[in-house]
Number of protein chains: 2
Amino acid sequence: MTAGLVHIVDDDPAIRDALGFLLRSRGVRSTAWDDGAAFLDGAPAPEVACVILDVRMDGLSGLEVFDILRERGVDLPVIFLTGHADVPLAVEALKKGAFDFVEKPFNDNQLVDTVIAALERAAAARRHNRDRDLLAARMASLTPREREVLQCLVEGRLNKQIADHLGVSMRTVEVHRARVFEKMGVRNAVELVAQVGSLAPES
Amino acid sequence: MTAGLVHIVDDDPAIRDALGFLLRSRGVRSTAWDDGAAFLDGAPAPEVACVILDVRMDGLSGLEVFDILRERGVDLPVIFLTGHADVPLAVEALKKGAFDFVEKPFNDNQLVDTVIAALERAAAARRHNRDRDLLAARMASLTPREREVLQCLVEGRLNKQIADHLGVSMRTVEVHRARVFEKMGVRNAVELVAQVGSLAPES
DNA sequence: CGTTCTGTTGCGGAAAACCACAATAGCGCG
DNA sequence: CGCGCTATTGTGGTTTTCCGCAACAGAACG
């Protein structure tokens, strides 16, 4: 049983049923939506998922749905399905970050392989997002002064230099430094840079 | 005058001429090749450039030329031109990293804008490649022992811990440490991690 | 054999980092 | 006004980092 849920968004019930059956036969859970609006309004957000999205639908088009997803900051992998050969549309979708773009009729196994790969991408992205969110929360917990000291730390500066730069004593820098490490959950400046990445390029 | 050179690879002389003229009118240098093999054999490597590549040619196809370029480690941006609506081919090219995929007939201004964007990408990649090559050269200059010490350093370990781990004295670690910093052109462990990136994820 | 390179180690001294304990001041809020 | 938070600073002591100077050993190469 592959982890994650596949959202099938297509106004053709035959396609929805066929895809649902196909995915089930390969141990993949799915749920079907008969148009883009229904999907955007009803889909649960916080889990590993991907979307199979028909390009041409009444109401919102596939691309419009995709744009709305991205505007909402939803980064689920999206696999577009199309029954019409439209190269510029395919190019546009892929350049906007679509996971894949598949013409009907498609090869069943290949499509499911693509879906599984998309779910794996979604899982990886979820882990990455979690790390990123934790980092952001930690950064947000810093006081303004602590943030200034962190900036100097990741540039590799000595406490003495930081003290001069901020116009305070070295002891004060040491206090802020210790607080930064504590809040960021690191033990030293090396771990801090590894976590935060370099905020200042090396000259 | 936009920096860089555009390689026009197309077996149709009318297209080659028209594109050459179009680019010149926008201040972009170009050079034309009548087939993929000629381009691969004759194109000079070390400058900012991009490629406009026809998909369908006698001899090597556009995609085959692209594959060969990538196998050679050449990462010039490639803009494919095609006179045939072929969605799977477009999708394949883009997923392999093509810069763009354009159907004929195309909009002149849009194509040149795309070319200019591709040249900018090439320039940025050149700078990035230079940094990457310098880093690789520096890493290659390290002795085996120095490499081991570097690994421990970027994990944020104390000299005492590194000494225990490697079974040597702290003085030895200090010597290797100083040599690593010197060869990598950094002043301390923070700058080293910033340069090398974290080679060991924080637990 | 001499030279170069890599790896190792000790001594002693200086600089830098770290921190417990303690205290003060200013600001915002209920 | 009292409280909590942020920012600041000092003292004294410990640990860690840094390095000049010096020396030795083993391996590889011409």
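Between B:N159 and D:dT16, a side-chain N or O to OP1/OP2 separation shorter than 4.0 Å is absent. Taking only side-chain nitrogens and oxygens, A:T143 never comes nearer than 4.0 Å to OP1 or OP2 of D:dC5. At C:dT9, one or more side-chain N or O atoms of B:T172 fall inside 4.0 Å of OP1 or OP2 (strictly under the cut-off). Of the side-chain N and O atoms in A:R145, one or more sit less than 4.0 angstrom from OP1 or OP2 of D:dT8. The shortest distance between the side-chain N/O atoms of A:H176 and the OP1/OP2 oxygens of D:dT8 is below 4.0 Å.
By the 6.0 Å contact criterion, CG on A:D58 is open, its count of non-hydrogen atoms from other residues, nucleotides or ligands being 12 or less.
Put simply, CD on B:E174 is 16 Å from P on C:dA14, counting in whole angstrom units. The CG atom of B:L158 sits 19 Å away from the P atom of D:dT14 (whole-angstrom rounding). B:R187 has its CZ atom 13 Å from the P atom of C:dA16, to the nearest Å. Taking atom NZ on B:K183 and atom P on C:dT6, their separation rounds to 5 Å, with Å as the unit. Put simply, CZ on B:R179 is 13 Å from P on D:dG20, counting in whole angstrom units. What separates CZ of B:R177 from P of C:dT9 is a distance of 17 Å, to the nearest Å. Atom CD of B:E182 is separated from atom P of D:dC18 by 14 Å (rounded to the nearest Å). In this structure, B:N188 places its CG atom 11 Å from C1' of D:dT17, rounding to the nearest Å.
Side-chain contact, A:N129 with A:R126: no donor N or O sits under 3.5 Å from an acceptor N or O. The closest side-chain donor-acceptor pair between A:E155 and A:Q151 falls under 3.5 angstrom.
The nearest pair of heavy atoms linking A:F66 to A:A98 is CZ-N, 3.6 Å. The heavy-atom pair separating A:L166 from A:R145 by the smallest distance is O-NH2, 3.2 Å. Closest of all the heavy-atom pairs between B:A189 and B:R177 is CB-NH2, 4.3 Å.
Within a heavy-atom distance below 4.0 Å of DNA chain C, the residues of residues 160-171 of chain B found are B:V168, B:S169, B:R171.
Side-chain contact between A:D86 and A:R56: present, with at least one pair of heavy atoms (C-beta onward) separated by less than 4.5 Å.
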